[in-house]
Asks: 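Next up is a structure, given as structure tokens.
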Amino acid sequence: MNRYDHKTVEQKWRDAWNEAKVYRTTEDSNKEKFYILDMFPYPSGAGLHVGHPKGYIATDIISRYKKMNGFNVLHPMGWDAFGLPAEQHALKNKVHPSINTNENIARYKEQLEKISINYDWERELSTTDPDFYKWTQWAFIQMFKKGLVYESNEPINWCPSCKTGLANEDLEDGRCERCDSEIEKKPIRQWIIKITDYADRLLDDIDKLDWQESIKESQRNWIGKSEGAEIDFKIKDSDDKIKVFTTRPDTLFGATYMVLAPEHSLVQEWLSKLENKAEVEKYIKETGKKTHIERGDMTKEKTGVELKGVKAVNPVNSDELPIYIADYVMADYGTGAIMAVPAHDERDYEFAKKYGIDVRQVVRKVFGEPLENPVPRVAVGAVIYNHKTGKYLIQYSKEFKEHSFVFGGVEDEEDYIKAAIRETLEETGYKTKFIKYLTDETEAHFYHPGKKVNRALFSRRVLLEVTDDTPETVSEEELKKHTPVWLTESELFEKIITDGDKFALESLHDTKVYTGKGNLCNSSKFDGMNSEEAKKAITEFVGGKMTISYKLRDWVFARQRYWGEPIPLIHCVECGVVPVPDDELPLVLPEVESYEPTGTGESPLAGIDEWVNTKCPSCGGDAKRETNTMPQWAGSSWYYLRYIDPHNDSALVDKEKEKYWSPVDFYVGGAEHATRHLIYARFWHKFLFDIGVVSYSEPFTKLQTVGLIMAEDGRKMSKRWGNVINPDDVIDEYGADAFRTYEMFMGPFDQAVSWSTKGLLGPKRFLDKVWKAQEYVNESTSNNNVQKQLNKTIKKVGEDISDMKYNTAISQMMIFVNTIEKEKSVTKNDFESFLKVLSPFAPHITQELWSKLGNETFLIEEQWPEYDKGNLIEDTVTIAVQVNGKVRAELTVPAGISEKDIKVLAMADEAVDNWVKKTGNGLVKQFIYITGRVANIVVQ
RNA sequence: GCUGGAGUGGUGAAAUUGGUAGACACGAUAGCCUUAGGAGCUAUUGCCGCAAGGCGUGGAGGUUCAAGUCCUCUCUCCAGCACCA
């Protein structure tokens with residue numbers, strides 16, 4: 001037998017498959033379809049590294065498996081080729097970006113073909129191809145016509161280095177995702193798509209998707225829906241009003257000041273009449289200088305300036321409220337203005353404390369459910385600190401056998417502090433002074449067993465400190481009920497059991513603001529109402545309206561760069577903005593002399609007069625073309641539809657074909673697209689659904705993310721670190737089959753793992769053993785062990801491929817080959833079945849062996865083998881015998897053995913017998929038998 | 001801070017969902033072989049211990065005949081969002 005020569009064999013079969021066009025897919029209504037898709041790559045100059053194909057290999061395995069199971073499988077590939085790197089390359093080398101792009105595509109394709117991913121290359125597409133972007137432009141025009149597109153001059157994210165505007169999705173921690181520059185806010189003329197019109201549908205339909213929870217959650221987060229109310233605050237002696245968005249209208253009575261974002265338009269309007277104009281202007285200027293990152297830093301102290309000379313009026317009680325500007329309020333969320341409720345919002349509390357603003361409690365935390373005929377009582381609970389010993393004093397109730405704060409009623413003419421000090425003296429004998437409140441007023445409902453009444457208890461908790469170490473004598477009566485106890489801090493946290501006391505202890509060191517819900521107080525006629533009801537009632541009372549706010553922003557869709565789809569709009573003096581007529585699509589990107597971005601907010605296209613100057617399609621008069629281009633996300637938002645019908649001249653996709661193939665059954669790609677591509681594509685798809693182009697409302701039924709492959713040093717593979725491994729080298733040395741199998745064997749598919757060339761040897765050796773196993777193929781004997789393992793293998797590999805558990809599928813196949821090696825015998829039939837099962841992972845070596853065994857077909861066109869269920873059952877099983885849960889013996893017994901027989905056999909075992917005697921005087925209390933697995937003898 | 005996920009040998013990892021923890025690999029150790037290779041074969045390989053045995057799935061409790069798996073608390077790491085009102 002020859003040594004396996006992967007180079008020759010792999011090339012031979014690649015050629016044969018290509019020639020036979022085994023990859024080609026056509027519609028076939030007799031077969032069930034399966035559309036499996038990889039996120040198409042951006043073809044960068046660096047070529048593929050070893051991490052890129054991981055997802056492609058996985059989809060290829062599923063695709064081959066599905067095909068062998070009778071599905072009509074669509075598995076295409078294309079190129080997301082617009083984008084900055086190609087443009088930068090063009091700038092540097094003074095050649096058109098398409099030249100470089102095409103070179104890169106050719107290189108990528110060559111690399112992919114070496115791995116023998118079974119793509120239907122006849123459906124290949126590139127977003128830069130005018131025949132493709134014709135339909136990107138067409139869809140955009142449809143959006144324009146539906147009023148989903150608008151022009152804006154509002155400040156947007158501007159990358160000073162890329163010299164272009166960017167969408168929120170293009171930022172990473174306030175920096176440009178591409179070049180890492182800090183983003184500025186700059187007013188630029190922009191085209192914007194109203195993706196927020198779809199926010200609710202994008203959010204609601206997430207529930208329908210078979211996606212990983214983490215991705216779904218990121219999308220929910222990104223959309224950031226929050227329900228609340230818009231409420232107007234009048235300005236004193238003026239017709240102006242401030243509109244605020246709040247999720248807590250129930251706390252309106254607790255509003256003690258207002259805050260506007262420094263960018264708020266009212267601030268500019270009021271500037272001239274402010275008493276401290278200079279100070280305000282200075283603050284606005286400073287805020288403007290701050291980067292996104294600085295401003296977002298929550299750990300820094302809050303700052304702000306009061307607008308002196310204006311006051312707002314609280315609509316619910318006519319209180320006059322001071323108005324501040326502060327950079328903790330953002331211009332682009334909600335209405336850019338808030339009502340501040342320091343008692344129930346941490347940020348407002350911090351700010352109020354710093355500027356000496358009132359804190360007014362309006363919500364009480366509630367413990368327990370309200371009971372019938374409650375008897376109300378006002379009380380105070382105290383914990384007493386002794387700074388000399390560092391211990392805390394509470395009391396132990398002899399009656400209820402529990403620890404609690406020192407507790408007592410607040411008498412008339414007494415406040416909480418007085419009552420706490422008096423009660424402490426009476427019950428413990430210690431003289432104390434007040435340190436601080438641990439809680440606002442809380443409300444507790446419970447049955448009082450001593451007094452036999454339902455209690456509604458209103459209380460605050462306080463922290464006191466002893467002023468005299470020697471306690472006075474406590475009355476006999478008190479001592480019968482309670483014992484005072486001194487505890488260390490950790491003991492204190494351990495012993496305290498009531499919810500109210502526990503809640504108070506959270507504020508022992510830092511005062512915590514209560515931001516939860518509860519029952520209203522200090523809110524006149526709304527007192528006693530719970531937060532949920534009060535939200536509606538108060539909003540209605542002040543004439544506000546319940547609204548919904550989103551974190552998702554509209555999609556900034558224009559880029560001031562060259563290498564993108566031209567936005568197909570025309571500016572006409574007479575008619576306004578008019579879309580390019582359908583018959584003039586595609587609007588082809590013109591040649592330019594310089595690709596250099598102008599940096600003025602105009603794209604390089606603006607310099608080509610003969611292109612810019614055109615006639616208005618509506619009135620025929622002089623007009624100018626829009627010169628901005630689309631963002632890179634445009635083409636990728638719908639490319640998966642084009643694979644279905646890649647050469648259609650008259651429609652984005654043929655309706656019948658779309659119905660047959662859509663939606664994508666399985667989509668595999670990187671998790672980094674969770675809130676970018678995957679949001680845009682869902683939006684674009686829903687729009688196409690609304691205008692009747694597609695028949696399903698969600699594009700990707702099932703989504704699976706790929707875990708990154710890191711370099712051997714644990715870092716990301718990057719030119720910068722010099723740790724990149726090229727798949728070409730690996731394939732050259734070990735073969736594509738070994739490469740494919742190793743990538744799938746490395747670990748769970750969605751987990752990041754480090755590349756290990758040593759680790760690659762495992763799968764490589766496995767394939768060598770498969771090659772060697774052909775020696776053991778013989779017609780006569782059918783070995784029982786081999787048969788059993790084969791059945792197990794067919795079953796497990798099939799199941800594991802469906803679950804994307806490739807690593808365990810491969811380990812089962814390794815077990816099978818190890819079995820052949822041990823038994824030195826396998827029938828031709830069994831070996832052929834095994835080759836089929838292995839073929840999706842290692843298509844070349846299996847095809848070669850298949851052919852060597854005298855077959856003339858292609859394995860990919862074979863049927864997936866069936867397994868014999870009967871043959872999966874073992875004749876004998878090994879049972880672990882435990883005594884009191886510890887394994888003391890193993891018994892090999894016939895599979896169908898009864899519990900009775902097992903018991904007899906187990907008890908007869910010498911070791912078991914010894915342990916039974918040793919641990920439990922030979923008395924068996926219980927015998928448990930789990931069929932085929934374990935028997936447990938419980939003694940004593 | 002919030003949300004999602006994960007902690008198991010020297011390493012990558014398995015574990016039929018409550019039933020013999022560490023399958024399958026990598027690496028390591030010892031031996032064999034020789035077409036000296038990134039080869040192959042055999043044996044060993046969770047930790048402590050000569051052994052009997054004990055311990056062991058981030059930590060602490062709990063439920064159970066039985067816990068990596070369920071419950072409570074807690075620590076660490078990764079990812080996403082983040083002054084979102």
Side-chain angles (χ1 to χ4, degrees), chain A residues 3 172-174 212-222 224-226 228-229 244-248 251 259 261 295-300 302 326-330 332-341 344-348 350-351 515 549-552 671-672 674-675 705 707-708 733-734 742 745-748 750-766 768-769 772 796 799 805 807-816 818 821 878-890 925-940:
Chain A
R3 231 186 115 93
E172 233 162 52
D173 292 331
Q212 270 160 272
E213 202 43 49
S214 59
I215 304 282
K216 295 211 254 183
E217 204 51 41
S218 301
Q219 291 218 345
R220 290 192 191 103
N221 236 316
W222 190 262
K225 180 177 181 170
S226 66
V244 303
F245 173 76
T246 174
T247 55
R248 294 299 300 275
T251 62
V259 187
R295 194 165 164 182
D297 179 10
M298 294 192 303
T299 55
K300 75 172 201 299
K302 300 215 177 335
D327 65 4
Y328 80 93
V329 171
M330 303 293 158
D332 58 2
Y333 182 78
T335 58
I338 62 160
M339 63 177 211
V341 185
H344 302 292
D345 182 285
E346 279 168 30
R347 295 154 300 172
D348 297 346
E350 193 193 320
F351 191 86
T515 56
S549 186
Y550 298 94
K551 214 183 64 146
L552 181 74
E672 69 275 15
T675 52
T705 55
L708 279 180
E733 214 162 336
Y734 302 96
Y742 171 58
F745 186 65
M746 290 175 87
D750 57 351
Q751 203 169 86
V753 248
S754 291
W755 179 268
S756 153
T757 300
K758 276 260 167 74
L760 174 65
L761 288 175
K764 171 66 181 160
R765 283 173 195 154
F766 161 64
D768 286 342
K769 283 188 204 173
K772 214 178 124 195
K796 183 150 178 67
E799 287 168 356
K805 288 160 70 178
N807 52 337
T808 50
I810 293 165
S811 76
Q812 180 56 43
M813 291 189 282
M814 286 172 167
I815 292 171
F816 177 70
N818 289 345
E821 230 173 34
T878 307
I879 310 279
V881 182
Q882 302 177 329
V883 178
N884 275 3
K886 294 207 166 164
V887 180
R888 297 304 184 190
E890 282 184 359
K925 217 172 92 181
Q926 202 181 351
F927 183 84
I928 291 152
Y929 176 53
I930 306 299
T931 314
R933 302 204 171 277
V934 71
N936 192 5
I937 300 163
V938 188
V939 292
Q940 255 167 12

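Proteins come first, then strands; the chains are lettered A, B, ... in the order of their sequence lines, and each starts at number 1. Heavy atoms only: backbone and side chains are in, while hydrogens, waters and symmetry mates are out.
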Asks: Can you figure out which of B:C65, B:G5, B:C24 approaches the side chain of A:Val938 most closely?
Replies: B:C65
Asks: Checking only heavy atoms, does the side chain of A:Arg933 share a donor-acceptor pair with the base of B:U16 at less than 3.5 Å?
Replies: yes
Asks: For the side chain of A:Ile815, counting heavy atoms from C-beta on, which of B:G5, B:G80, B:A23 is nearest?
Replies: B:A23
Asks: Output the single nucleotide from B:G27, B:G12, B:C84 whose closest atom is nearest the side chain of A:Lys758.
Replies: B:G27
Asks: So which nucleotide from B:A25, B:G80, B:U20 ends up closest to the side chain of A:Asn221?
Replies: B:G80
Asks: Can you tell me the pairing partner of B:G22 across any strand shown, Watson-Crick or G-U wobble, with both distances under 3.5 angstrom?
Replies: none
Asks: Quote, to the nearest angstrom, the P distance that separates B:A6 from B:G58.
Replies: 13 Å
Asks: With P as the reference atom in both, quote the distance from B:U16 to B:C65 in angstrom, rounded to an integer.
Replies: 23 Å
Asks: Write down the distance separating the C1' atoms in B:A21 and B:C55, rounded off to the nearest Å.
Replies: 14 Å
Asks: Nearest-nucleotide wise, let me know which of A:Gly759 and A:Asp348 is further upstream toward the 5' end of RNA chain B.
Replies: A:Gly759
Asks: When the distance from CD1 of A:Ile338 to P of B:C84 is rounded to whole Å, what number comes out?
Replies: 10 Å
Asks: When the P atoms of B:U57 and B:G10 are considered, how many whole Å apart are they?
Replies: 13 Å
Asks: In whole angstrom, give the distance that lies between atom NZ of A:Lys796 and atom P of B:A14.
Replies: 10 Å
Asks: With syn defined as a glycosidic angle within 90° of 0 and anti as everything else, classify B:G9.
Replies: syn
Asks: B:A67 and B:G19: how far apart are their P atoms, nearest whole angstrom?
Replies: 11 Å
Asks: Need the glycosidic conformation of B:U74: syn if within 90° of 0, anti if not. Which one?
Replies: anti
Asks: So if I take every side-chain heavy atom of A:Lys302 and compare against B:A13, B:C83, B:A23, which nucleotide ends up nearest?
Replies: B:C83
Asks: Would you kindly give the OH-to-P distance between A:Tyr550 and B:C84, to the nearest whole Å?
Replies: 19 Å
Asks: Of the options B:A66, B:A85, B:U20, whose atoms approach the side-chain atoms of A:Asn936 most closely?
Replies: B:A66
Asks: Round to the nearest Å and state the distance from A:Lys772 atom NZ to B:G37 atom P.
Replies: 20 Å
Asks: Would you mind reading off the distance between A:Lys805 atom NZ and B:A23 atom C1', rounded to a whole angstrom?
Replies: 13 Å
Asks: Distance check needed: B:C41 P versus A:Asp768 CG, whole Å only.
Replies: 10 Å
Asks: Please confirm whether the backbone N or O of A:Thr515 pairs with a side-chain atom of A:Arg248, one donor and one acceptor, at under 3.5 Å?
Replies: yes
Asks: Which atoms form the tightest heavy-atom contact between A:Asn221 and A:Lys551, and what is the distance?
Replies: O-CE, 3.4 Å
Asks: Please determine, for the side chain of A:Tyr328, which listed nucleotide (B:G54, B:A23, B:C83) has the closest atom?
Replies: B:C83
Asks: Taking A:Glu821 for the side chain and A:Lys769 for the main chain, is one N or O donor matched with an acceptor at less than 3.5 Å?
Replies: no
Asks: Suppose you measure atom P in B:U3 against the same atom in B:U11; what distance do you get, rounded to whole Å?
Replies: 32 Å
Asks: Any strand is fair game: report the nucleotide pairing with B:U42 by Watson-Crick or G-U wobble, both distances under 3.5 Å, or none.
Replies: B:A30
Asks: Rounded off to whole Å, could you give me the CD1-to-P distance for the A:Ile930 and B:U17 pair?
Replies: 13 Å
Asks: How many Å lie between NZ on A:Lys551 and P on B:G80, as a whole number?
Replies: 13 Å
Asks: Within 45° of the axis and under 6.0 Å from the centre of the six-membered ring of A:Tyr328, does NZ or CZ of A:Lys302 qualify?
Replies: yes
Asks: Which residue lies toward the 5' end of RNA chain B, A:Trp222 or A:Val934, if each is placed at its nearest nucleotide?
Replies: A:Val934
